[in-house]
Amino acid sequence: MKTKVLSTSDEDLDIAAEIIRSGGLVAFPTETVYGLGADALNPEAVRKIYQVKGRPADNPSIVHISQIEELKGLCLEITEDIRTLAAVFWPGPMTMIVKRDPKIPDVTTGGLDTVGIRMPRGKGASELIRRSGLPIAAPSANISGKPSPTEAQHVLDDFDGRIEAVIDDGPCDVGIESTVIDMTGASPMILRPGFLTKRDFEEALGKPVLLDPTLNQRPDPSRDDFHPKAPGQKYKHYAPDAEMILFDGDPENVRKAILAEQKRREEAGQKVRVLFFDEAHEREAARYFFADLRKADRDGIEVILASALPEEGLGFSVMNRMLKSSGFHIIHV
Ligand code: TXA
Ligand code: MG
């Protein structure tokens with residue numbers, strides 16, 4: 001199969017929508033990361049996503065819509081809080097977990113009785129959904145376990161020749177995946193941190209929002225007590241080929257420790273990449289982190305040394321990815 005590289009022109013979006021309608025796979029840009037899309041209501045089409053990604057079947061896919069009204073046909077119970085969050089944050093980097101309408105097939109939801117719904121921002125995504133006339137199931141468009149794709153080239157690196165098309169609309173603005181918030185419990189609960197934070201939701205709802213307690217846990221492989229509520233959060237994630245080490249502490253100590261480690265490693269003949277992140281540039285850290293990991297792999301880097309961010313607000317969300325990428329290898333200096 002030859003993977004078509006499409007633009008966001010009307011003509012190309014019609015081609016992409018026709019591929020979705022006929023059960024094929026199209027990778028498309030969103031404001032967060034590129035998604036690998038298929039007709040969410042067609043089990044055969046969704047099954048293909050899992051095959052090409054190598055994704056475990058129990059990990060549900062987010063269903064993408066282009067109009068808030070489409071929630072009605074996909075969700076059994078639209079509460080006042082769901083309505084409020086949709087009105088305030090959509091289109092945008094928020095996925096709400098809601099009670100699923102039985103018409104959504106089991107493959108799409110990993111057999112759960114809930115479904116994650118998101119209305120993404122950007123022409124490539126919203127026009128693809130609108131023109132196909134279907135809700136689109138889409139996980140991030142990367143091979144399972146690899147860093148999420150923030151450019152069309154990243155999608156091609158993983159799937160060239162294995163999917164029908166990718167819509168190229170340049171680099172993603174946010175750079176980390178949407179915040180996943182579970183709206184099915186007594187209080188809303190964040191299952192995956194993202195660009196929108198606990199405080200954003202609390203301000204919009206005027207009530208406390210919980211965090212899945214596993215988000216503050218460092219998994220210990222010798223114990224079986226890591227059970228995040230979003231199935232995807234338990235799998236190995238965002239891993240570069242290189243070994244990755246995070247350094248945390250006073251910024252000046254961190255800088256010195258990284259440079260000393262870099263020297264040691266280079267003297268031992270290893271190819272090292274240093275990634276300095278700082279609190280004043282969290283937005284950029286989010287936007288470029290996955291691209292930096294993919295670039296390191298392309299350059300044959302063996303060791304990545306990175307400074308940690310303070311785990312608050314957006315920094316908490318970026319650190320969620322950085323910790324996983326490093327296999328929770330963090331040194332306090
Ligand atoms: O920004 C994003 O969310 C991107 C773009 C393409 O929209 N998508 C994305 O999808 O990151 P994915 O499949 O890579 O991550 C979805 C996460 C997984 O951790 C999954 O387990 C969780 O959301 N999830 C999906 N449906 C769920 C449900 N019904 N209950 C709990 N967690 C769910
Ligand atoms: Mg993913």
Side-chain angles (χ1 to χ4, degrees), residues 28-35 37 40 60-101 104 109 114-130 135-140 148 150 169 172-212 215 229-230 232-233 282-283 285-287 312-318 320-321:
F28 61 96
T30 80
E31 77 279 40
T32 58
V33 302
Y34 277 72
S61 294
I62 294 170
V63 174
H64 297 73
I65 58 177
S66 63
Q67 299 283 329
I68 292 179
E69 297 77 68
E70 290 163 52
L71 249 182
K72 266 188 239 115
L74 301 171
C75 166
L76 282 186
E77 193 189 343
I78 304 179
T79 62
E80 201 49 46
D81 284 350
I82 292 175
R83 234 186 285 279
T84 302
L85 292 188
V88 175
F89 296 116
W90 278 349
M94 171 184 73
T95 297
M96 280 193 277
I97 307 298
V98 298
K99 291 192 181 131
R100 79 150 159 172
D101 188 288
I104 305 173
T109 66
T114 57
V115 60
I117 313 263
R118 172 160 120 80
M119 181 171 149
R121 207 163 55 212
K123 185 180 180 195
S126 63
E127 276 299 301
L128 174 67
I129 301 163
R130 196 182 66 78
I136 295 186
S140 50
S148 295
T150 56
D169 194 25
C172 300
D173 179 39
V174 172
I176 57 172
E177 307 87 341
S178 61
T179 309
V180 176
I181 182 162
D182 183 356
M183 303 303 291
T184 65
S187 294
M189 182 188 278
I190 293 176
L191 307 188
R192 178 177 70 181
F195 183 72
L196 295 171
T197 62
K198 183 166 135 69
R199 183 186 297 168
D200 293 323
F201 295 118
E202 288 181 337
E203 271 174 22
L205 293 173
K207 61 159 91 163
V209 167
L210 309 173
L211 272 188
D212 179 346
L215 293 174
K229 294 189 177 59
Q233 297 297 94
E282 282 174 351
R283 196 71 192 68
R287 188 177 295 151
E312 269 160 54
L314 181 56
F316 181 75
S317 307
V318 180
N320 170 270
R321 277 69 176 179

Review point. Which pairs count as ring-ring contact (aromatic ring centres under 6.0 Å, His included) when at least one residue sits in residues 173-200, sequence neighbours excluded?
Key: none
Kindly give the heavy-atom pair with the smallest separation between [X] and [Y], and that separation in Å.
X: Ser66; Y: Ser126; result: CB-O, 3.6 Å
X: Gly313; Y: Thr197; result: C-CG2, 3.7 Å
X: His64; Y: Pro120; result: CD2-CG, 3.9 Å
X: Cys172; Y: Glu31; result: CB-O, 3.8 Å
X: Thr179; Y: Leu196; result: OG1-O, 2.7 Å

Going by atom type alone, with no hydrogens or angles, which donor-acceptor pairs under 3.5 Å involve a side-chain atom of residues 84-98 and a protein atom two or more places apart or on another chain?
| unit_1 | atom_1 | unit_2 | atom_2 | d |
| --- | --- | --- | --- | --- |
| Thr84 | OG1 | Glu80 | O | 2.9 |
| Trp90 | NE1 | Met94 | O | 2.8 |
| Thr95 | OG1 | Ser178 | OG | 2.8 |

Point to revise | Pairwise side-chain contact, Arg118 with Thr30, heavy-atom cut-off 4.5 Å (strictly under) | key: yes
Check your understanding: Can you tell which of Arg83, Lys99, Arg100 makes a salt bridge (Lys or Arg N to Asp or Glu O under 4.0 Å) with Glu77?
Key -> Lys99
With [X] via side-chain contact (heavy atoms from CB on, under 4.5 Å) - residues at least two apart:
X: Leu211; answer: Ile190, Lys198, Leu215, Asn216, Phe316
X: Ser187; answer: Leu210
X: Gln67; answer: Glu69, Glu70
X: Lys229; answer: Met189, Leu191, Asp212, Pro213

Who pairs with [X] by salt bridge (Lys or Arg N to Asp or Glu O under 4.0 Å), at least two apart in sequence or on another chain?
X: Arg321; result: Glu177
X: Lys72; result: none
X: Arg283; result: Asp173
X: Asp169; result: none

Practice item. With sequence neighbours left out, write down each residue that passes side chain to side chain donor-acceptor pair (under 3.5 Å) with Thr150, or none if nothing qualifies. Key: none
Point to revise | Distance-only donor-acceptor check, side chains Ser317 and Asn320, under 3.5 Å | key: no
Atom pair [atom1]/[atom2] of [X] and [Y] - distance to nearest 0.5 Å:
X: Leu128; Y: Ile136; atom1: CG; atom2: CD1; result: 4.0 Å
X: Ile117; Y: Cys75; atom1: CD1; atom2: SG; result: 6.5 Å
X: Ile82; Y: Thr184; atom1: CD1; atom2: OG1; result: 8.5 Å
X: Leu205; Y: Asp81; atom1: CG; atom2: CG; result: 5.0 Å

Check your understanding: Among Ile62, Thr32, Val33, which residue meets the side-chain contact (heavy atoms from CB on, under 4.5 Å) test with Ser140?
Key -> Val33
**Study point:** Qualifying residues under ring pair (Phe, Tyr, Trp, His ring centres under 6.0 Å), relative to Tyr34, sequence neighbours excluded
**Key:** none
Exercise for review: Identify whether the distance between the nearest side-chain nitrogen and carboxylate oxygen of Glu202 and Arg199 falls below 4.0 Å.
Suggested key: no
